[in-house]
Amino acid sequence: MGRGVEVGRLLGVLEGLSGGAAVVDVAGDAGIGKSRLLAEFGALARARGMAVLRGRAVEGERGLPSPAFQVFLDAFADLETVDVVGVRSFRALLRTVSRGGLVLLLDDLHRADPASLELLDHLVRHPLPAPLLLVISRRPRQSPPALSSALARGVDTGVVTRIPLGPLGIDDCVDAVAPGVSAELVRENFELSRGNPFYFLGLLPERSGAGVAQALLLDELSPLSALERRLVEAVAVLGEHATTDLLGAVTEVDDTALVEALREVVRRDLVRTDPGGHRLELRHPLMRGLVCDSVDPWRRRRLHRRAAAELALAGASVVDQAHHVERSLTRWDAAGAAVLIEAAERSAVGAPALAARWLDVVLGVLPYAPEHLDTRRELMLARARALGTTGAVKESRDLLHRLIGSRGSDGQDPLRAAALVECAFIERHLGRYPEAGALLHGEMERCALAPPGERSVALVVEWGNHALFSTRFPEARAELAHALLRARERSDELGAAEVLTLSAIGEAYEGNTAVARRHVAAATALIDVLTDGDLVGQCESLVRLAWSEVFLDEYADAERHTRRGADVARRTGRPFALSQHLLCAAYAHVMTGRVTTALELADESEAVARTLGGRELLGFTRAIRSMILMHARPPGDPDVLAAAEEGVATIGAVDGWWATLARCMSAYAVLGAGDPHRVRDVLLRAGGGRDLPRLQPSVRPNFLELLVTAALATRDLADAEYWARRAVEEAGQLELPTQRGAALRCLGLLDAARGEPAAAARAFSEAARESARSGATLREAHSLLLGAPHLKAAGDGPGAAAMWRRGRRLADEGAARLLVGLADRIRPGVLGSGGAMAVGGGGIGGAGDVFSSLTPREREISELVAEGLTNQAVADRLCLSTRTVESHVARVYRKTGVPSRAALAALVARLAGDRPSATA
């Protein structure tokens, strides 16, 4: 039940009984698990031979007092108790029944009658000389002053032990409250419930938790007067607008009666004041839904209608009004619709899902009459844009197609072009390039009579995007140049930024490095001065800029832009942009030698992409993730090939830029699986033949290196020489350090195959220097490790050792287990049998074979888990998300074979004890 510490304290008090009574005060909010704790402890005490009695305090009917000593009488209900009429007689009874040891559990004591509280006060001030353990549970906020003060005095005298119950941690919710529930649902429910097990279970309808929660809440509301219940309902309906003034207005209650009723519901801890003391709120956020569900629908609508009217009179914003107008609008009302439309316009950038919902409400009541046709079409376009922004692409696409097929009331079509561009954007993201091309081609044809510069920037940019992702970017160059000129003439900096980022990534794709750098510099100058508000509309533009910088080896700038773009996309609900920013950041991280964080970013990107419905984006994401996973796992790990094949299968028959790259990237996993013949087949088929015409020119040398490696593995020296020559030629044209490094590694592999170790060592050393120039740490480490054995063979043992140690250290620091495995495999040949291995990282790495498979991050987390930290505490300590920590812990379990946190802690302790002491 997640209360092991508290149960342990209760058992400690029980075992410490030595002829004298003790009291334990279990205090916590409603639903926190007090009753469950008492029940669990009672069972344990009974198993230890103790007599256990349990009673629950109940509230008498309104206006009628509860029976005297009700909670004690309830506990003694199964005993023959007679003539127990006062404190002294109860004391005598307790002394009698406690002779053999008694545990008395009294639940919900905040509801106890005055006589029961008097008896408790007496027992605290005059403890019985008998082995009696009195355990009470209560809600502190609802406890009467007499109970609170009696217990406080007992704490001071040492008679009372206080055990406060706080929220459960997420691990406790998984292990104790909801075993078997998916991790994603547990995380979501944990956040909503704030760790309160009552509300956590209430979010699991398949376990009848919601029904139980509703029933218990209604039971708590039943003692209220009609006015008090109306106030609780009004607080629930009004939500964040629940102030005393607004409550009085919507319930039409005078101030005196309102204050009196509020005092009562606050005393019962149904309603609380917010931390600032300005408004009222229910004691837990989830109570709002439960209470609202208990209110008749027509009454809810009336409360919302009154709230909207009062907020309008008070001059509240249309967004505040819209929350209530939305819930009260049942038929066409021009004024109410105007509020929702204006609120949607203001929220379209920062909260597109909310805007889409409000527009849907208006469209639902808007009459199908000729005079409203243009309004309907405008609202449809606005809603489609909002839906597309949130990732609801299929619904957005359907709405846009309806709009494109309709006509305006005067026969004109001012919205058609905008809808068409939006629809082409959706089709492109779904990987439906022929459909997107047909839409754009038709519109470009219709605009053919106008000068190219007169076409809208949005249309030209989407046309250019389609050309880029269809691998036909040169066809869009002239249009983009005209659009950029026109945007600058109009001082349209946002439009210019859109065109510049598209031109930058297009030229970077084609390998026109110098031109791409100029476009990147111009775009950066415009984008970096934008506020976050302006940047919301530039999310996709920022994605293009970051990928351009990656292709140009400018990893630090790419990371800076992806970090800002991801932050804006998260806050404004833009999953398309968020997924791509995370993926670009993951690629930058792996290239710069941070494999663990790269995999975390790729995992998150994949999770977002799965919700969007686009096969190419998801397949491309999985392909990059498989490449990162390859570096995170030891050589030959079968999961890598499975992940790469999943990415290719996801793409299916989609034919585009990302689809081609994804298929080509699978060749890394194929080579790692030991199938060089298939590497050649994969790359030539995906690249369009021996010349690889379909493969992105600016990254082609990387894949040519793969072909050289595969050719040499199959002893095809002629093919290897051809691919190496191509790599050198193309890298020379690109002038990119990372691609030059790939070409130099090709030469080094060839020199090694020809039996020329000195030449091979020089090529690999130069490749490492080129990689280091761009910050491509992983490529540098790979080059160093490839070169070290050849430098040793050329007669430079010390140089080879230094080369190996730097490569091994970079690989270890980056958690690149693939390269660490390579380094360890070649170590004897480079350092000799007596060479000391320079192992990076700290913690428990190298303490035993079982931990040799863990990454530095997994080792660090293992040690923190061994210290007793929960996943949430580990996440807080390391500034990670709880989900990331959970994933690491799961991988540690799998790799070490331990079944639990306790077993992992024992293993860490054992290995720490076996670790040899350091020597000078």
Side-chain angles (χ1 to χ4, degrees), residues 513 553 591-593 671 676 699-812 814 816 818-832 835 838:
T513 307
D553 291 349
M591 289 297 292
T592 51
L671 183 63
V699 297
R700 200 178 283 150
N702 280 337
F703 293 104
L704 290 169
E705 180 187 357
L706 264 180
L707 286 168
V708 170
T709 306
L712 291 174
T714 59
R715 303 184 184 279
D716 190 340
L717 187 61
D719 247 13
E721 289 174 342
Y722 169 76
W723 300 124
R725 187 166 58 252
R726 284 276 309 276
V728 171
E729 290 172 358
E730 298 200 20
Q733 295 169 5
L734 292 171
E735 298 184 353
L736 293 171
T738 300
Q739 302 306 316
R740 279 200 297 268
L744 286 163
R745 282 191 298 274
C746 290
L747 295 178
L749 291 169
L750 272 179
D751 289 332
R754 293 175 181 136
E756 301 173 7
R762 285 194 299 273
F764 287 128
S765 297
E766 183 60 28
R769 284 191 287 272
E770 288 287 349
S771 300
R773 281 180 55 203
S774 63
T777 306
L778 218 58
R779 299 286 170 83
E780 179 189 359
H782 189 203
S783 302
L784 291 167
L785 294 173
L786 288 175
H790 302 295
L791 192 58
K792 176 67 179 289
D796 187 355
M803 200 174 191
W804 180 91
R805 287 193 174 93
R806 175 167 174 78
R808 175 62 162 77
R809 179 175 60 80
L810 291 176
D812 190 74
L818 178 73
L819 295 181
V820 168
L822 170 63
D824 293 347
R825 179 164 55 84
I826 66 173
R827 179 181 64 85
V830 176
L831 303 183

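What you see is a predicted model, and the numbers here were worked out from it, not measured in a lab.
Checking side-chain atoms of Trp804 against main-chain N and O of Ala823 turns up a donor-acceptor pair under 3.5 Å. In terms of modelled atom types and a separation under 3.5 Å, the side chain of Lys792 and the main chain of Val830 share a donor-acceptor contact. A donor-acceptor contact shorter than 3.5 Å links the side chain of Thr513 to the backbone of Leu734.
Under the 3.5 Å distance criterion, with hydrogens and angles disregarded, a donor-acceptor pair is assigned to the side chains of Ser783 and Arg745. Remark: the Thr777 side chain and the Thr592 side chain contain no N/O donor-acceptor pair separated by less than 3.5 Å.
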Salt bridge (Lys or Arg N to Asp or Glu O under 4.0 Å) between Arg769 and Glu766: does it pass, once the steps are laid out?
CA-CA 5 Å; Arg769 284 191 287 272; Glu766 183 60 28; 2.9 Å; yes
Apply side chain to side chain contact (heavy atoms under 4.5 Å, CB included) to residues Arg779 and Met591 and explain how you reach the verdict.
CA-CA 7 Å; Arg779 299 286 170 83; Met591 289 297 292; 3.8 Å; yes
Is there a side chain to side chain contact (heavy atoms under 4.5 Å, CB included) between Arg754 and Asp751? Walk through the geometry before answering.
CA-CA 5 Å; Arg754 293 175 181 136; Asp751 289 332; 3.6 Å; yes
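When all heavy atoms are compared, the tightest approach of Ala816 to Leu778 is CB-CD1, 3.6 Å. Annotation for Leu717 and Ala753: closest pair CD1-CB, 4.5 Å, computed over non-hydrogen atoms. Considering all non-hydrogen atoms of both residues, Ala801 and Leu831 come closest at CB-CD2, 3.5 Å. Smallest separation of non-hydrogen atoms from Gly748 and Ala760: O-CB, 3.5 Å. Between Pro701 and Ala731, the shortest heavy-atom distance links the atoms CG-N, 4.0 Å. Scanning both residues, Leu810 and Ala781, for their nearest heavy atoms gives CB-CB, 3.9 Å.
For residues 722-771, the ring-ring contact (aromatic ring centres under 6.0 Å, His included) pairs, not counting sequence neighbours, are Phe764-His790.
Separation of atoms CD (Glu756) and CG (Leu747) is listed at 11.0 Å; rounding is to 0.5 Å. Taking CG of Leu707 as the reference point, atom CZ of Arg700 lies at 11.5 Å (rounded to 0.5 Å). For the atom pair CZ (Arg725) and CG (Leu750), the distance works out to 10.0 Å, reported to the nearest 0.5 Å. The distance from atom OG1 of Thr714 to atom CG of Asp719, rounded to the nearest 0.5 Å, is 7.5 Å. Note that the CZ atom of Arg825 and the CG atom of Leu785 stand 10.0 Å from one another [nearest 0.5 Å]. In this structure, Glu770 CD and Thr738 OG1 are separated by 9.0 Å, a value rounded to the nearest 0.5 Å.
Counting heavy atoms from C-beta outward, Arg740 and Pro737 have side chains that approach closer than 4.5 Å. Annotation: side chain of Asn702 is not in contact with side chain of Leu706 (no heavy-atom distance under 4.5 Å).
Applying the ring-ring contact (aromatic ring centres under 6.0 Å, His included) test to His782 and every residue at least two apart in sequence or in another chain returns nothing.
The side-chain contact (heavy atoms from CB on, under 4.5 Å) test with Arg808 is passed by exactly one of Asp824, Leu822, Leu784: Asp824.
Under 4.0 Å is where a charged nitrogen must lie from a carboxylate oxygen, and between Arg806 and Glu780 at least one such pair does. We find that Arg773 and Asp553 are not joined by a salt bridge, their nearest charged nitrogen and carboxylate oxygen being 4.0 Å or further apart.
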